[in-house]
Amino acid sequence: MDTSLSSIAVVGLGTMGTGIAEVLALAGREVIGIDISEAAALGAVASLEASTARAVGRGRITERERADALARFRTSDDLRAVADAELVIEVVPETYEIKQQVFRELDAIVSPTAILATGTNALSVTRLAAESQRPERVLGLHFFNPAPAMKLVEVVSSVLTAPPAVEAVTALARELGKEPVAVGDRPGFVADGLLFGYLNQAAAMYEANYASREDIDAAMKLGCGLPMGPLALLDLIGIDTARTVLEAMYAESQDRLHAPAPVLGQLSSAGLTGRKAGRGFYTYDAPGGQTVVPDTLPPAADAVSGAGRDVASVGVAGSGTMASGIAEVFAKAGYDVVLAARSQEKADVAKGRIAKSLERSVAKGRLTAEDRDETLARITAAGSLDAFAEVDLAVEAVAEDLEIKRQLFASLDKVCRPGAVLATTTSSLPVVAIARATARPEDVIGMHFFNPAPAMKLVEVVRTVLTADDVHATVRAVCARIRKHPVDCGDRAGFIVNALLFPYLNNAIKMVEEHYASLDDIDAAMKLGGGYPMGPFELLDVVGLDVSLAIEKVLHKEFRDPGLAPAPLLEHLVAAGCLGRKTGRGFREHARR
């Protein structure tokens with residue numbers, strides 16, 4: 001099989017097809033673009049002219065390179081124009097009927113050695129290949145939008161695909177400056193297979209009125225470093241497109257996590273498909289617009305009413321990294337802070353950790369020496385909770401164990417003055433169960449900080465059914481003063497971030513268990529295709545596999561969904577003591593610190 005692939009056809013000149021054609025033409029390939037719509041063909045030419053002009057203006061290519069690329073691209077409305085192409089990439093609408101019709105017609109047109117690639121992200125490559133007279137030359141070539149910018153290309157093999165065809169398109173992807181990953185044939189492949197399950201759960205979370213759309217999106221951006229929140233991303237992708245992908249995934253997996261949330265069907269049926277329609281989860285200034293405009297669904301934060309309680313002093317219980325980080329945050333904001341541990345020695349060590357952190361900030365020019373000294377002077381280290389007698393807000397940051405937290409709150413109930421707000425930083429335990437250890441559960445609320453607390457902007461504010469309105473208002477006001485972004489959510493396992501993050505991580509582990517893709521390919525796919533700052537296995541090793549397993553178990557116990565059961569591989573690694581970076585080995589080997 002000839003593997004030069006110098007002449008390439010792109011069938012379907014929508015946004016994706018036009019982007020792929022641009023990448024190919026700029027890389028020196030002769031490209032023929034096919035579309036039955038004259039408007040689409042003209043639009044593709046205009047798009048290529050405009051994008052290459054911008055590239056010249058930014059110094060990325062020369063005027064000669066632009067002219068050469070434009071000369072290499074031509075269009076036609078006749079599929080027979082692809083007869084001499086060595087590779088045909090179809091990017092037509094995502095239905096079997098349309099794609100199969102294209103493949104049947106191509107069989108009668110292209111040479112026996114030509115490779116036929118589908119750009120599908122949801123349909124079975126094997127099923128499409130089976131319709132071809134030469135299924136060994138059919139494979140998937142899944143680019144990501146926008147194709148000129150996105151580095152990931154998933155090369156999808158069916159059981160019928162010939163290795164030389166895979167080798168040829170893989171080499172082509174590298175020559176285009178892309179990062180190809182080899183995957184098998186299942187709906188969603190790697191990147192969308194993990195991404196769309198997460199998006200679906202976010203839609204279901206919104207539909208259940210658990211949190212506002214703004215808070216869900218802010219939580220995932222600030223808590224996980226994602227470029228977009230899940231609901232905004234669904235609007236960008238197209239809600240109808242997302243539903244199609246999820247339907248295909250569910251048809252194969254029968255996993256309830258892939259069953260499209262009803263709200264996706266309702267919005268699609270109403271024509272509210274996202275940005276392209278001007279309205280989806282959000283409302284936009286125009287169809288195809290990017291600017292979100294006010295609508296009839298105000299953010300949940302607007303519902304916060306009433307005055308809070310005065311907070312001048314804060315107690316932080318604990319001696320670990322999280323406790324010292326939270327104490328540092330409050331002290332920097334001007335609060336008087338009591339940092340209490342089980343002994344004076346532990347409290348002094350924790351305060352020493354804060355001093356080192358402040359010193360690093362001074363060295364980096366983020367803090368003056370005077371501010372460092374004033375911040376440290378506001379912190380009193382204490383060896384007993386008795387030092388919390390006069391604090392206005394007590395925040396616990398001790399071990400993630402329900403009984404330990406309940407015992408601590410029982411002590412706070414006796415020590416803290418009436419009217420003091422009591423907050424837990426739990427990430428997975430029921431806040432109400434902690435609150436019931438006191439005689440004043442109305443004063444108890446969750447304040448879930450993220451690690452490292454001085455750097456991470458997010459705080460999940462968790463109300464129980466017993467939390468008083470003024471306690472909620474108090475904590476939101478405190479978050480504003482310490483320059484954190486509060487998001488409101490109810491008291492259920494995982495809150496927002498962990499409830500969406502850990503099923504995604506668990507599904508990545510299942511992919512490895514099934515030998516579907518490698519650790520490296522999955523990590524690369526999610527960083528390059530999903531915009532994640534870390535791949536799932538990098539993140540698991542950083543978080544700690546034992547911590548991850550504990551959260552997975554809590555989620556599974558709470559929601560009783562079989563799809564949330566921890567992956568056996570995760571349980572086996574934890575049992576073997578392979579906990580990630582902290583032990584030197586998790587999913588990968590790490591140098592011990």
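Just so it is clear, the model here is predicted, and its values are computed rather than measured. Heads up: numbering here begins at 1 and tracks the sequence. These numbers come from the heavy atoms of this one structure, side chains and all, not from hydrogens, waters or symmetry mates.
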**Item:** Sequence-distant partners of Met16, side chain to side chain contact (heavy atoms under 4.5 Å, CB included), two or more places apart
**Value:** Ile20, Val91, Phe143, Asn145, Ala147
**Fill in**
Residue set satisfying salt bridge (Lys or Arg N to Asp or Glu O under 4.0 Å) with Lys276, at least two apart, ordered chain then number -> Asp240
**Prompt:** Would you call Lys99-Glu90 a salt bridge at under 4.0 Å N-O?
**Reply:** yes
**Prompt:** Counting N and O atoms only, with roles assigned by atom type, does the side chain of Arg492 sit under 3.5 Å from a partner on the main chain of Ala499, one being a donor and the other an acceptor?
**Reply:** no
**Message:** Among residues at least two apart in sequence or on other chains, which ones pass side-chain hydrogen bond (donor to acceptor under 3.5 Å, both in side chains) with Ser548?
**Reply:** none
**Asked** When rounded to the nearest 0.5 angstrom, what is the spacing between CE in Met526 and CG in Leu539?
**Response** 11.5 Å
**Asked** Looking at residues at least two apart in the chain, or sitting in another chain, which of them share a salt bridge (Lys or Arg N to Asp or Glu O under 4.0 Å) with Asp185?
**Response** none
**Request:** If a pair satisfies ring-ring contact (aromatic ring centres under 6.0 Å, His included) and one of its residues is in residues 548-576, list it, with sequence neighbours excluded.
**Result:** none
**Asked** Going by heavy atoms in the side chains, are Arg275 and Leu236 under 4.5 Å from each other?
**Response** yes
**Asked** Got a donor-acceptor contact below 3.5 angstrom from the Glu154 side chain to the Val183 backbone?
**Response** no
**Request:** Would you kindly say whether Thr118 and Thr120 are connected by a side-chain donor-acceptor distance under 3.5 Å?
**Result:** no
**Prompt:** Looking at side-chain heavy atoms only, is the closest gap between Leu195 and Leu233 below 4.5 Å?
**Reply:** yes
**Point-to-point distance, once rounded to the nearest 0.5 Å, from CZ of Phe144 to CG of Asn121** = 8.0 Å
**Request:** Answer with yes or no after comparing the ring centroid distance for Phe196 and Tyr504 against a 6.0 Å cut-off, counting only values under it.
**Result:** no
**Prompt:** Does Glu460 come within less than 4.0 Å of Lys484, counting only side-chain N to carboxylate O?
**Reply:** no
**Message:** Salt bridge check, Glu552 against Lys557: does any charged N sit closer than 4.0 Å to a carboxylate O?
**Reply:** no
**Message:** Test: side-chain hydrogen bond (donor to acceptor under 3.5 Å, both in side chains). Region: residues 10-22. Which pairs qualify, not counting sequence neighbours?
**Reply:** Glu22-Ser51
**Message:** Could you check whether Asp235 pairs with Arg213 (Lys NZ or Arg NE/NH1/NH2 to Asp/Glu carboxylate O, under 4.0 Å)?
**Reply:** no
